[in-house]
Amino acid sequence: MLSRHSLLRHGARVIAFALAVCGSHAALAQAYPNKPIRVIVPFPPGGSVDTVSRLLAPRLADALGQQVLVENRSGASGNIGMEQAARASADGYTLLINTNPLVTNGHLYSKLNYDTFNDFVPISLLCHSQSVMVVNPKVPARTLKEFLDLARAKPGSLNFATAGPATNPHVGGELVNYLGKTNIVAVHYKGGGPALLAALAGDVEMVVSGISEAGQHVVAGKLRALGVTGLKRSAAYPDLPTLDEAGLPGYEFVTWHAMLAPKGTPAAVIETLAAQVQKAMRSAEGGALFQKSGLEVIASTPDELAAHLKRESTKWQRVFKE
């Protein structure tokens, strides 16, 4: 049995340890960051994840006082970059930005070398946006109804580009097939950028791409837009109808983007990052820039992102089974 004197000494050590832990967390929050931060984008340049990351990086760098560098680590529908981010040091200097494949890949691939819900810590749901269905100008269809009639008349002869299985362009294109009762064939590329380039080159007839990426090519006349994928028109392109009103009743597909860190990243660092993401994205300048690109700022808390990912996983599990 410990003496009263020993108990007091033990209690003092416990208190001292607790104070040291609290002090170290406070010191970490004050010191972080003290070197450049890298953001892994698991897709090639030119897609929506890359666009969001490069819009955010310089503004987050200003807020944090350190460089924020975007690294494209593409392949396997984002799985290669996801695994690299999951295995990175949990010190706040490696982050990840990704979109729907965060939750859809788990329902498509039988084996993954990472787990979205166990290998990562949520930071913020950054933004969401509509996509736009575009066709190469050589396609003899100027409206969605004309394109659907063409696809039904020649089942299996038209192609649409994707960023890989279960990615946003893939899901968006298959939803056209499902609701339009068509058989437009998916052609998988390594990312949204290459998929968009395939449509521009005429290698495929159609792609469902992010507004921020495809919009400039529509304005330049290099692609023809048939409609946006939300249930309301985009503020960035108000003259474009929704696919729902243009001939695909019930069509709705909205893209979102999220930032996460490897599991074990200190809570103080996560709090700092979430706060500075909100500061960067909700500023007048940041908000206007994202809106101009067809992106609606959310900049959520970590808890709000965690709840969002669970809801999305449940939703897409049902969709993939159907």
Side-chain angles (χ1 to χ4, degrees), residues 25-74 78 81-82 84-99 102 120-129 191-193 210-213 216 236 255-305:
H25 279 288
L28 178 63
Q30 291 174 358
Y32 176 84
N34 55 26
K35 63 180 182 179
I37 297 166
R38 67 170 180 155
V39 176
I40 291 181
V41 171
F43 292 100
S48 67
V49 184
D50 185 69
T51 297
V52 169
S53 301
R54 294 185 187 279
L55 284 174
L56 175 59
R59 283 144 198 90
L60 185 58
D62 290 342
L64 291 170
Q66 287 289 342
Q67 280 186 299
V68 178
L69 308 173
V70 176
E71 290 188 13
N72 298 88
R73 300 292 184 91
S74 58
M82 287 284 293
Q84 290 176 340
R87 302 292 172 258
S89 298
D91 54 9
Y93 291 97
T94 298
L95 309 176
L96 169 77
I97 293 180
N98 201 356
T99 180
L102 273 168
F120 294 96
V121 181
I123 297 173
S124 182
L125 180 60
L126 303 173
C127 57
H128 64 74
S129 68
I211 288 180
S212 55
E213 295 77 49
Q216 58 183 317
T255 301
W256 47 265
H257 296 85
M259 176 182 281
L260 303 93
K263 180 182 179 180
T265 302
V269 170
I270 297 297
E271 292 171 7
T272 297
L273 286 166
Q276 296 308 318
V277 163
Q278 291 178 3
K279 178 181 177 182
M281 297 187 70
R282 292 180 180 176
S283 67
E285 185 265 346
L289 186 64
F290 274 81
Q291 184 177 18
K292 184 180 179 181
S293 298
L295 302 163
E296 186 173 335
V297 170
I298 301 174
S300 79
T301 66
D303 287 345
E304 288 169 337
L305 172 56

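Predicted model, so just to flag it, every value in this text is computed and none were measured. Scope of the values below: all heavy atoms of this structure, side chains included, with no hydrogens, waters or symmetry mates.
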Q. Around Gln291, counting heavy atoms of other residues, nucleotides and ligands shown, do more than 12 lie under 6.0 Å from its CD?
A. no

dist Glu304:CD -> Leu125:CG (nearest 0.5 Å) comes out at 8.5 Å

Hits for salt bridge (Lys or Arg N to Asp or Glu O under 4.0 Å) against Glu271, two or more places apart or cross-chain, chain-then-number order -> none

**Message:** Counting C-beta onward and ignoring hydrogens, is there a side-chain heavy-atom pair between Pro44 and Asn72 closer than 4.5 Å?
**Reply:** no

Notebook entry, point to check: Could you go step by step and tell me if Thr272 and Leu64 meet the side-chain contact (heavy atoms from CB on, under 4.5 Å) rule?
Noted result: CA-CA 9 Å; Thr272 297; Leu64 291 170; 4.2 Å; yes

Nearest heavy-atom contact between Ala88 and Thr94 is CB-CG2, 3.5 Å

*Does Arg38 reach the main-chain N or O of Glu71 with its side chain, forming a donor-acceptor pair under 3.5 Å?*
no

So CZ of Arg87 and CD of Gln84: to nearest 0.5 Å the spacing works out to 11.0 Å

For Met82 and Pro42, the nearest pair of non-hydrogen atoms, with its separation, is N-CB, 4.1 Å

With Leu126 as partner, the option from Leu55, Ile298, Val277 fulfilling side chain to side chain contact (heavy atoms under 4.5 Å, CB included) is Val277

Task: Student check: side-chain heavy atoms of Leu102 and Leu96 closer than 4.5 Å - done: yes

Distance col, row Asp91:CG vs Thr265:OG1, nearest 0.5 angstrom, shows 7.0 Å

For Ala90 and Gly264 the tightest heavy-atom approach is CB-C, 3.6 Å

When rounded to the nearest 0.5 Å, the distance separating CD1 of Ile270 from CE of Met259 is 10.0 Å

Heavy-atom nearest pair, Pro262 first then Ala85, reads CG-O, 3.2 Å

Between Gly92 and Val269 the two heavy atoms that sit nearest each other are CA-CG1, 3.8 Å

Correct closest heavy-atom pair for Arg59 and Leu289 would be NH2-CD2, 2.9 Å

**OP:** Report yes or no: does Thr99 contribute a side-chain atom to a donor-acceptor pair with the main-chain N or O of Trp256 at less than 3.5 Å?
**Re:** yes

CD1 (Ile123) and CD (Gln276) are apart, to the nearest 0.5 Å, by 12.5 Å

*asked:* Between Ser300 and Ser124 (side chain of the first, backbone of the second, donor and acceptor by atom type, cut-off under 3.5 Å), is there such a pair?
replied: no

Between Tyr93 and Asn34, is there a donor-acceptor pair closer than 3.5 Å when you use the side chain of the first and the backbone of the second? yes

CG (Leu273) and CG (Leu260) are apart, to the nearest 0.5 Å, by 11.5 Å

Tell me, with the steps shown, if Ile97 and Leu56 meet side-chain contact (heavy atoms from CB on, under 4.5 Å).
CA-CA 10 Å; Ile97 293 180; Leu56 175 59; 4.2 Å; yes

| Exceeds 12 heavy-atom contacts within 6.0 angstrom, atom CD of Gln67 | no

